[in-house]
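What follows is a short report on a single structure.
All ligand and atom numbering here is 1-based and tracks the order in the structure.
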Amino acid sequence: MTTSSIQHGQSFDHEPLGFATRTIHVGNGTDAETGAIRRPITLANAYALPYDPSDINWSSSDTNLYTRNGHPNQRYLEAKLANLEGTEDAVVLASGVAALAATFTTLLNRGDHAVFSDSTYIAAYRLLNEILPEKYGIETTIVDTSDTDAVARAIRPNTKLIHIETPANPTLKVSDIAAIAQLAHDAGALLNVDNTFNSPFNVRPADLGADVVIESLTKYINGHGDALGGCVATSSEIAARLRYVYQVNYGGIISPFNAWLINRGSVTLPLRMRQHNATALRIARWLQDRPEVRFVAYPGLENDPGHELMRSQLARADSGYGGVLSFGLHADHDGHNRFVDALSIITSAVSLGHDESLIVFLGEDDERQYPYPERFHAGFFRLSVGLEDADDLIRDLDHAFATSRS
Ligand SMILES: *Cc1c(COP(=O)(O)O)cnc(C)c1O
């Protein structure tokens with residue numbers, strides 16, 4: 001039947017289906033019991049056992065058994081995300097950080113070494129810089145992975161994993177996925193890419209050689225700011241290990257309700273990403289020309305150090321540079337607070353990739369041992385450009401500049 005092949009990402013005539021068609025159809029289907037054309041939320045904790053359960057592997061994720069072992073709403077979303085990322089399989093977990101922790105704890109053993117980006121999500125930094133070395137004897141080296149030679153110099157005989165985030169949160173530094181994948185593979189190591197800022201609409205790291213791709217589903221893929229989730233897209237072999245170690249035995253499973261919400265939110269990913277890309281570029285250009293602005297970091301700007309490299313990584317003709325940018329102001333401590341206070345559309349809150357625009361002030365008293373580049377030290381804003389009318393967002397920023405002048 002054609003609908004069921006479309007649910008697996010194949011068209012009736014074997015021509016490849018487009019990204020938007022797959023975003024809508026893969027992972028959805030007709031409910032066998034009711035005929036509903038939207039799959040239901042299955043909230044049961046447990047599933048009926050067969051007549052003779054003695055052969056069951058209680059740690060298996062292959063059949064419906066117990067919800068922590070895997071459940072239907074998780075699997076529908078996994079099918080879609082593996083398809084969109086271009087990987088054999090995907091494991092959907094409770095949060096983006098659970099996806100990171102699953103990858104690090106599953107792929108690294110005592111005595112192994114990992115190389116990771118100096119600009120990353122804070123939990124990746126804490127896990128790799130502090131928790132895994134102290135508790136599990138894993139060696140790590142932090143480097144500026146936007147400098148491929150620095151990555152090469154950091155590799156040791158026991159290096160098993162390179163973890164990069166590109167563009168990195170919150171500096172927007174861009175790393176060379178293909179070149180670092182080559183370095184990793186030459187050293188017998190794996191490359192893990194946190195692709196949260198791009199989503200698979202803008203960049204598909206697996207196509208560029210990454211072995212493991214992480215998404216915080218909390219951000220663009222859900223897109224509506226109302227559910228946490230994370231995904232590890234990778235080979236079938238690594239996915240099976242992740243499920244055994246982290247999902248079943250550490251317990252980092254996503255709830256059925258959140259998996260359902262994220263699957264629903266994800267159907268508009270291509271439309272939303274096109275708009276995030278376009279509005280963020282317009283705002284980055286506008287900010288760059290303002291006298292109040294010290295700098296703008298956004299790889300979509302032609303003068304950004306990561307621009308050419310990121311352009312070469314874009315997955316499709318209508319991909320862009322994402323909806324997140326960082327910028328610094330010529331302002332003192334209270335000037336930053338006055339600016340945020342004067343905004344009325346853009347909300348002061350953490351997170352990113354939501355429908356609404358979000359801004360957060362970062363960096364003034366940074367505690368990291370490996371600080372951000374110099375221009376970030378005096379404090380800066382990370383702006384997640386939402387789906388509001390671009391004119392309204394620009395008027396909101398303009399008004400805040402005018403009223404926050406001391
Ligand atoms: C938010 C974020 C994470 C963590 O995701 P959660 O869903 O909040 O756990 C990881 N990486 C990046 C780049 C993020 O922006």
Side-chain angles (χ1 to χ4, degrees), residues 74 77 81 85 90-105 116-129 131 145-146 163-175 177 192-203 205 210 212-233 242 246-247 250-255 257-259 261-263 265-266 273 276 280 297-299 306 310 313 321-326 349-354 356-360 362-363 368 372 381-386:
Q74 178 201 31
L77 184 55
L81 293 172
E85 300 282 2
V91 183
V92 167
L93 296 166
S95 66
V97 168
L100 290 165
T103 302
F104 302 151
T105 55
F116 70 105
S117 302
D118 62 350
S119 179
T120 60
Y121 194 72
I122 186 73
Y125 171 79
R126 294 246 168 77
L127 281 166
L128 290 170
N129 196 60
I131 297 169
T145 60
S146 69
H163 170 66
I164 64 174
E165 203 176 288
T166 181
N169 188 358
T171 58
L172 282 299
K173 283 199 289 189
V174 178
S175 296
I177 298 168
N192 178 36
V193 178
D194 185 331
N195 197 47
T196 299
F197 272 36
N198 300 318
S199 87
F201 182 79
N202 284 339
V203 178
V212 182
V213 181
I214 305 266
E215 304 279 354
S216 167
L217 304 176
T218 312
K219 311 296 172 51
Y220 289 109
I221 291 175
N222 179 49
H224 295 74
D226 52 14
L228 295 189
C231 178
V232 190
L242 290 163
Y246 197 83
Q247 175 178 308
Y250 278 92
I253 189 82
I254 193 168
S255 74
F257 185 58
N258 277 10
L261 272 179
I262 293 167
N263 208 352
S266 71
M273 288 315 299
H276 284 297
Y298 182 65
M310 185 158 170
Q313 296 173 340
Y321 301 84
V324 183
L325 54 90
S326 290
V350 296
S351 201
L352 54 97
H354 295 191
E356 68 182 303
S357 295
L358 302 172
I359 194 165
V360 58
L362 296 167
R368 299 177 187 216
Y372 297 137
F381 294 101
R382 185 188 68 198
L383 173 62
S384 170
V385 176

Lys219: numbered ligand 1 atoms lying under 4.0 Å from its heavy atoms = 1 (C), 2 (C), 3 (C), 5 (O), 14 (C), 15 (O)

Numbered atoms and elements of ligand 1 in range of Thr218, under 4.0 angstrom, heavy atoms = 6 (P), 7 (O)

Min over Leu93, Asp194, Asn222, Thr166 of heavy-atom distance to atom 13 (C) of ligand 1 lands on Asp194

Atoms of ligand 1, numbered as shown, that sit under 4.0 Å from any heavy atom of Val97 | 4 (C), 5 (O), 6 (P), 9 (O)

Sub-4.0 Å atoms of ligand 1 with respect to non-hydrogen atoms of Gly229 = 7 (O)

protein heavy-atom neighbour closest to atom 5 (O) of ligand 1 works out as Ser216 OG, 2.9 Å

Please say which of Val203, Thr166, Leu172, Val174 ends up in a side-chain contact (heavy atoms from CB on, under 4.5 Å) with Phe197.
-> Leu172

Among all protein non-hydrogen atoms, which one is nearest to atom 8 (O) of ligand 1, and what is the separation to 0.1 Å?
-> Tyr121 OH, 3.8 Å

Answer yes or no: is there a side-chain heavy-atom contact under 4.5 Å between Val92 and Ile262?
-> no

CG-CG distance between Asn258 and Asn222, expressed to the nearest 0.5 angstrom = 8.0 Å

Listed by chain and number, what are the ring-ring contact (aromatic ring centres under 6.0 Å, His included) partners of Phe116, not counting sequence neighbours?
-> none

Donor-acceptor pair, side chain of His276 and main chain of Val385, under 3.5 angstrom | yes

Test log, rule side-chain hydrogen bond (donor to acceptor under 3.5 Å, both in side chains), inputs Thr196 and Ser216 | CA-CA 5 Å; Thr196 299; Ser216 167; 5.0 Å; no

Considering only the protein, which heavy-atom contact is closest to atom 6 (P) of ligand 1, and what is its distance?
-> Gly96 N, 3.3 Å

Kindly say whether Gly353 contributes a backbone atom to a donor-acceptor pair with the side chain of Ser384 at under 3.5 angstrom?
-> yes

Contact atoms of ligand 1, heavy-atom distance to Phe197 under 4.0 Å | 15 (O)

